[in-house]
Structures are given as C-alpha cells and as structure tokens.
Amino acid sequence: MPAPTSLELAEYAARRARLIEAIGEDGVAIIPSAHEVIRNRDSHYRFRQDSDFLYLSGFHEPDSLIVLAPGRKEGPFSLFVRPRDAAREIWDGRRAGPEGAVSQYGADQAFVIGEFEGQLAKLLSGRSRVFYTFGEHPEWDPKIAACVREIREISRRGAAAPTDFVALETTLHEQRLIKSEAELSLLRKACDVSAAAHVRAMQATKPGSWEWQVAAEIHHEFERNGMECGYGSIVGGGDNACILHYKENESQLRNGDLLLIDAGGEYRGYTADITRTFPVGGSYSGAQKDVYEVVLAAQLAAIAELQPGNSSARPHEVATRVLTEGMVALGLLKGDPEELIKTEKHKQFYMHGTGHWLGLDVHDVGRYKLDGKPRPFVAGMVMTVEPGLYIAPGTPGVDPRFHGIGIRIEDDVLVGADGPDVLTHGVPKTVAGVEAVMRG
Ligand code: GLY
Ligand code: MN
Ligand code: MN
C-alpha cells in the first residue's frame, strides 16, 4: 500500500536523520502528537496534527508519540499509536495501528500507545540527554518524569540515568526554518490556491454583501482544492479593517468602504498567509488610494530586502521608514520621520511587525535572532511581508477623509538564491490591477 503521507517517506526519513545527528548517540527525543479537542459536549474540533510531529512522521492520527533513539539495533524510529479497534474504526475512522505505522510510515518499530510507559525505561536507559519539551504536554510530563525517577532509582545500582533535559525546539525548529524543494512545492500550491481565492473574493464582493458571504467565497475555493483555512480568516469591511484580529466577519459591506481580507489556505499542512484590501464598490477613493500607495510602496521596498545575506530585520526597518515618510507626507504625523520612528510615534498607525516565518504554522518556527542579533536571511527561508496603516475612526488631529481606513498588503516570499520569490504573485495588488480584477 502506498504511504498515505503528503511527501515521500524518504523526505521524512531525511528529516529524522538530521535531527538524530543533532541528538547524538547519548540522547533520545520524544515528540507527542496533538490530541483531539472537544468543541462542545461530544463534538470535536477538526483534528490538526502537531506540526513538529507531522514534520517528522507524516502521521495524521492523534494520541501518538514519536521516540527517536539513535544507535538502537532495531533502528532509531519508534512510533507509539492507537491500537486497531474494529468497533471504534466503524464509528470514528481508520487507524494504522502498529503494523501500519511500520508498513505505511516507515517506523523501525511500533507499539500501541498504552505500552509507552513500559517501553520508555528501555528507550531512556543509558542515555544522558532527553530532548523533550516539558510544560507543553500535561498528559505526558508526569509519565516521563516518573520514568526518569525510576531509572534514577535503578541507576544507584549501576545503570546510567538521564541528566540533561533539553527543549527540542531549538534544534528541530531551526531545521524547519529552511524549506526543502518538496516542502516548497506544497507551499506553492497553498499560495496559488489562496491567491485564486482572493481573486474570487474580489470578484464576488458587491455593495450590500455581508462579510461572511465573502468569507464563504474564500473558503469555497480552499475546500474545492482539498484545503482548509490555515488560520481564522479576517474579512473586515470599513472600520472593521482597523481591528487587527477582527474575526466576527458579521457586517454588511457598503459602497465606498474598503474590505480587508487576511486569509490563507493550508495544503497538506503548509499554509499561505495573504492580505489584500480592496474597494467594495470597485474603485478606490482619493483618500483610500493615497494611503494604499504608501502601504504598497512600503511592501515593495520591504520585499526587495529578502536576499540571502541581508539582515532579517531589514524588511521591518525599510517598511517602517517608507510608511513613516508616507504618514508625514499625508499629514497623519508631523515631524522628522527618523525622529518619529525613534520615539515610536509611527506606532499610532503602524503597530505590528512586518513579517514572520511561514510554513507548517502560520507563525512558523525558527529564531529571529542569533546571539542577540537579527539573523541573516538564508536561501530557503519563507517570510511574510505585511505592512499596513490603520487610522481608527474619529482619530483626533487627523483629516476626517482618512478616518476608518485600514489597509494591509501581505505576500509570502521565499528567500531565493537569486533574490526574493513572491509565492503569492497570483493576486494583484496595484490599484489598477485590483480595480481591473474587480471589473471582472
Ligand atoms: N494572518 C496572521 C498574520 O498575518 O500574521
Ligand atoms: Mn502574516
Ligand atoms: Mn495574515
């Protein structure tokens, strides 16, 4: 039977091999899966696998555990999974069981999850370092701690007990930060479909539409391509665009208002993250256009910074400078842009960062600083670039024509060996480009 994973088994094996190298022969890594979460009474939220777990195994079931123990004669990769259960499988769906964990997912050995505590002593014994993130998995923390205690007891009689507990994140998340070609092909698909979804939303939006109806257009495009939302969609018309994490999506759209949509589809675990802001009636007003052009200029300048070797802090520095100069030119702020940035006056209208890593998580893993300094970009990193300006309704001292304008433009950009590669190029963002799409 072919593996039901999103990528070739060899890709997961290569990822584990890299982690195993970092763990060393005296270490062992324990990575729990996600578990199902109740939505209400006996209904669950749709299950989403833990991203670290998915990255290392491609295994989609809850209540499972990966143990990587280098140097074992059986092989390093143990998978603990739910047992096969004919009755439960009729009600809840298929399970791979230990046999499937080996034959379909390439585990060197597999056990039912109930055997974890019994096997753990064997897996930990003789190893000094345990890579496990305490505090994140309340159901496993006490079991692992109890096992270590037990080994310590025995160790008084000779066996070596673990002495170092290391959070797994640093090593694994640095690995996840650089995307392979196989990962990029999934991310490109997520970005292409998400771009098409934004185009569909632009074409479907009319004065009188409701925000939730436009959200449905986006979600339809995701789902008909085998995707789901990578995060909660923001569909905010008029003043709602000035609420950064607006998620009610409950208002009616009026001619003359802008609509800000921040939505990205997830394809086989990898999510896009796109924002566009377009006029409900099909044409930007003068004031809207003035603000929009500033945000677009900031975004283009920031994108140009995603070059290997550049500091990863550059996009935010550049975007902040262009936005602040624009705010002064528009009369939103008064003074010297450099001084305004130094005293953080720009934060009245631009209060968030310019981007984040993107991948299996929308705010993906990986450090932003190394030794306290912003790290340089390396080919294979993917970052969002998402400057915005938000002028809350009724802001004193600001020309009323700008009141209630909230604009963000967000693309997903691969740091390519030859420079920035905008993965979300499929949805227009110039004033003329957006207005042309809306005309149909
Ligand atoms: N959609 C979440 C973000 O843009 O960071
Ligand atoms: Mn984002
Ligand atoms: Mn976003």
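Keep in mind that this is a model prediction, so the values were computed, not measured. Ligands are counted one by one from 1 in listed order, and the atoms in each one are counted from 1 as well. Counting from 1, the numbers follow the sequence of the chain as shown.
Note on ring orientation: taking the six-membered ring where Trp is involved, the planes of Phe116 and Trp140 are perpendicular (angle over 60°, cut-offs 30° and 60°).
Note that Arg276 lies outside the cation-pi zone of Phe278, set by a 6.0 Å cut-off to the ring centre and a 45° limit from the axis.
Contact check for Ile30 versus Leu65: side-chain heavy atoms found under the 4.5 Å cut-off.
Each of Tyr231, Asp262, Asp273, His356, His363, Glu386, Glu410 has a non-hydrogen atom positioned under 4.0 Å from some atom of ligand 1.
Between His220 and Phe222, the gap from one ring centroid to the other reaches at least 6.0 Å. Taking the six-membered ring for Trp and the full ring otherwise, Phe111 and Phe80 have centroids separated by under 6.0 Å. The aromatic ring centres of Phe134 and Phe165 sit less than 6.0 Å apart. In this structure, Tyr45 has its ring center no closer than 6.0 Å to that of Phe47.
Checked against Tyr55 for a side-chain contact (heavy atoms from CB on, under 4.5 Å), the options Arg176, Arg16, Glu11, His173 give a single hit: Arg176.
Distances under 2.8 Å from the Mn ion (ligand 2) pick out the protein N/O/S atoms Asp273 OD2, His356 NE2, Glu386 OE2, Glu410 OE2.
Here the closest non-hydrogen pair linking Leu332 and Phe349 is O-CE1, 3.7 Å.
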